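One structure below.
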Amino acid sequence: MAAERTVNTSATGSTAAVHVDTTAKWFLLSAVTYFFIVGIIAVIIAAKFVWPEMLGTIAPLTYGRLRPLHVNGMLFGWLLAADMGLTYYVVPRLCGVKLWSEKLGVATGILWNVIILGAVVSLLAGWNQGFEYAELPLVLDVLVVVAWLMFGANIFGTIYTRKYQQMYVSTWYMMGTILWTAFVYLTGNFATLLTTGVNQANLNWMYVHNAVGLIFTPVGLALAYYFIPKSANVPLYSHKLSMIGFWSLAFFYVWTGAHHMLHGPISQWLQTIAIAFSLMLLVPVWSVVYNFFATMKGHWPKTRDNVQLKFLMSGVVFYLLTCFQGPMHSLRTVNAIVSKTDWIPGHAHMAVLGAFSFFAIAGTYYVIPRMFNVKIHSEPLANWSYWFLMIGGLGFFVTLWLGGFWQGWQWNNPAIPFIDTVIALKPVWIVRFFSGIFMFTGITLFLYNIMATVVDSGGAKAEVQA
């Protein structure tokens, strides 16, 4: 293991290459801004669950238009844009070279912002294709494909010109993300248009589940594999274990989407396959989580004074809980209770916010001071952003899990009228709303701290070191 640890230390080390990071800055600053804007929409949606008549006479602000904007804004305006920005930062450093083309990167950033702003206008106007996670109009879907090809060309070009022949695990995950996203996005946004009925629903859920599993999971883990050793200043525990996690994720995840359709009009054999592969996801999950925990062995006290490690290791715990919860609620007996209830948003938010957004926030806190050659504006403010997001997130997740299980139990009791199950959930939605206020406060502090750090830099040149 000692030799392996030496290899991994050099793999994440700094290089002599001078990194301009213009593209990374574009993506990260716009992503953080969208995080705040879409956070406002999230609070409005949470309020509508408690006061459903609120803003109900203003068409663009009705739930049916705000909800897809919130989902797409968080997934593509904030999280994927932040992940792309951090990828533009990490890959050149792992390869020991500059980004292949900053001009191409900036052009990609401009196009990505055009897409997000187009999504805001179209979704608020009600131009919606009506597929979960695939609501964008077709013209924007085409632009997403173009932007992703530009992004992929730049990252693969950088890897092709690398100085280091051995590739660190983060590079593997980022290459996987680019290839899998292309496959998943084309399936969910184009192939679904060529089918109808149950086949269309099956393709859509394949896309929805793999949007999390083959887009945000691999790039999120790539960031965690890079920033945990860097923030703790320790080598990764095991490169071999990281490869087991990578290849098992690649093989198992793609087959799990149909577990969202259990007890529905799809073949029993397809349901059984989805359940089996959902349970096998425990292999990559435990490989990843054990690797991170073993890396931090003897170094946990560092989390007290290191806000990046707070976010990162909390994200690892949320990732573990999410990926234990998912296989368990794919079982038919559990699924009969929790499917389509508030349990599912609680589960999904723990993955997208609790795990992968925490990784992206940690990465942003790490790279922004280094790219702008200045200290973070306020360490106490960074810690406050963590605690507001953590407390608000836990309140949100746990309340929806408990409320969703209670909701499903009531649905399965024919003696309880449906409207009574709606009324019974109001206390849950009140807690959800105030938890959302806490989370939005954390997002606001995060935005302010990052922007103030940029202002503090006064246009200083980018840091040479990784």
Side-chain angles (χ1 to χ4, degrees), residues 19-35 72-95 97-119 133-134 136 139-162 167-168 170-190 207 210-223 225-226 250 356-357 359-360 363-364 367 371:
H19 302 287
V20 180
D21 292 321
T22 304
T23 304
K25 293 173 184 176
W26 260 85
F27 270 93
L28 286 173
L29 294 181
S30 61
V32 172
T33 303
Y34 290 130
F35 197 18
N72 286 274
M74 282 298 184
L75 291 181
F76 302 110
W78 149 243
L79 186 52
L80 190 56
D83 289 340
M84 292 166 73
L86 292 169
T87 300
Y88 279 119
Y89 176 92
V90 169
V91 168
R93 286 160 173 82
L94 289 179
C95 294
V97 295
K98 296 179 181 180
L99 182 66
W100 187 62
S101 173
E102 286 286 351
K103 290 182 179 179
L104 180 60
V106 171
T108 309
I110 293 172
L111 178 56
W112 199 261
N113 277 276
V114 169
I115 293 166
I116 300 304
L117 294 174
Y133 287 19
L136 297 185
V139 63
L140 293 182
D141 285 332
V142 173
L143 292 180
V144 170
V145 173
V146 173
W148 197 254
L149 289 172
M150 295 165 67
F151 172 66
N154 217 349
I155 297 302
F156 276 108
T158 304
I159 295 170
Y160 180 76
T161 60
R162 70 188 186 278
M167 291 189 295
Y168 185 62
S170 294
T171 309
W172 282 95
Y173 270 109
M174 287 169 175
M175 289 192 299
T177 301
I178 293 169
L179 296 175
W180 297 330
T181 299
F183 162 69
V184 169
Y185 197 85
L186 289 173
T187 301
N189 292 273
F190 295 93
Y207 165 62
N210 287 309
V212 177
L214 292 178
I215 299 178
F216 297 109
T217 295
V219 71
L221 295 181
L223 300 178
Y225 269 116
Y226 182 84
F356 305 128
S357 286
F359 293 156
T364 304
V367 306
M371 288 195 298

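Positions are given from 1, in the same order as the sequence printed here. Owing to the predicted nature of the structure, the values given are computational and were not obtained by experimental measurement.
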### Message
Please give me the minimum heavy-atom distance between Gly188 and Ala134, naming the atom from each residue.
### Response
O-CB, 3.7 Å

### Query
So, do Asp141 and Phe190 sit near enough that their side-chain heavy atoms are less than 4.5 Å apart?
yes

### Query
To the nearest 0.5 Å, how far apart are NZ in Lys98 and OG1 in Thr161?
11.5 Å

### Task
State whether the side chain of Asn154 and the backbone N or O of Met150 hold a donor-acceptor pair below 3.5 Å, judged by distance alone.
no

### Message
Applying side chain to side chain contact (heavy atoms under 4.5 Å, CB included), can you list everything that pairs with Leu143, at least two apart in sequence or on another chain?
### Response
Leu111, Ile115, Leu140

### Summary
When every non-hydrogen atom of Asn113 is compared with those of Ser30, the smallest separation belongs to OD1-CB, 3.5 Å

### Query
Going by the angle between their ring planes, with limits at 30° and 60°, are Phe216 and Phe76 parallel, tilted or perpendicular?
tilted

### Summary
When every non-hydrogen atom of Leu214 is compared with those of Trp180, the smallest separation belongs to O-CB, 3.4 Å

### Message
Could you report the tightest heavy-atom contact between Val106 and Thr22, atom names first, then the distance?
### Response
CG2-CG2, 3.8 Å

### Query
So how far is it from Thr171 OG1 to Tyr226 OH, rounded to the nearest 0.5 Å?
10.0 Å

### Message
Other residues, nucleotides and ligands only: do more than 12 of their heavy atoms fall within 6.0 Å of CH2 on Trp172?
### Response
no

### Query
Under 3.5 Å, side chain of Tyr168 to main-chain N/O of Tyr225, donor-acceptor pair present?
yes

### Query
Should Pro92 and His19 count as side-chain neighbours, where that means a heavy-atom distance under 4.5 Å?
yes

### Over 12 foreign heavy atoms within 6.0 Å of CH2, Trp148
yes

### Task
Check the pair Met167 / Arg162 against side chain to side chain contact (heavy atoms under 4.5 Å, CB included), numbers first and verdict last.
CA-CA 9 Å; Met167 291 189 295; Arg162 70 188 186 278; 3.8 Å; yes

### Between Asn210 and Tyr133: side-chain donor-acceptor atoms closer than 3.5 Å
no

### Query
Taking only residues two or more places apart in sequence or in another chain, which ones pass side chain to side chain contact (heavy atoms under 4.5 Å, CB included) with Ala82?
Leu28, Ala31, Trp78, Ala360

### Task
Could you walk me through whether Val145 and Leu186 pass side chain to side chain contact (heavy atoms under 4.5 Å, CB included), step by step?
CA-CA 8 Å; Val145 173; Leu186 289 173; 4.0 Å; yes

### Task
To the nearest 0.5 angstrom, please state how far the CZ atom of Phe151 sits from the CH2 atom of Trp112.
9.0 Å

### Message
Run Leu94 and Ser170 through side chain to side chain contact (heavy atoms under 4.5 Å, CB included) and show every step you take.
### Response
CA-CA 8 Å; Leu94 289 179; Ser170 294; 3.7 Å; yes

### Task
Nearest 0.5 Å please: distance from the CD1 atom of Ile215 over to the OG1 atom of Thr177.
9.0 Å

### Task
Quick one: closest heavy-atom pair of Phe356 and Thr217, and the distance?
CZ-OG1, 3.2 Å

### Query
Between atom CZ of Phe156 and atom CG of Leu149, what is the distance when rounded to the nearest 0.5 Å?
11.5 Å

### Message
I need the Leu179 CG to Met174 CE distance, nearest 0.5 Å.
### Response
14.0 Å

### Message
If you apply the rule side chain to side chain contact (heavy atoms under 4.5 Å, CB included), what do you find for Thr158 with Val97, and how did you get there?
### Response
CA-CA 7 Å; Thr158 304; Val97 295; 3.8 Å; yes

### Query
Should the pair Asp21-Arg93 be classified as a salt bridge under the 4.0 Å nitrogen-to-oxygen rule?
yes

### Message
Can you tell me how the ring of Tyr88 sits relative to the ring of Phe27, calling it parallel under 30°, perpendicular over 60° and tilted otherwise?
### Response
tilted

### Shortest non-hydrogen contact from Gly152 toward Ile178
CA-CG2, 3.8 Å

#### Entry: Leu223 vs Tyr89 side-chain heavy atoms within contact, under 4.5 Å
no

### Task
Taking the side chain as every heavy atom from C-beta outward, state whether Asn189 and Leu136 have any pair of such atoms under 4.5 Å apart.
no

### Heavy-atom side-chain contact between Leu99 and Val20 under 4.5 Å
no

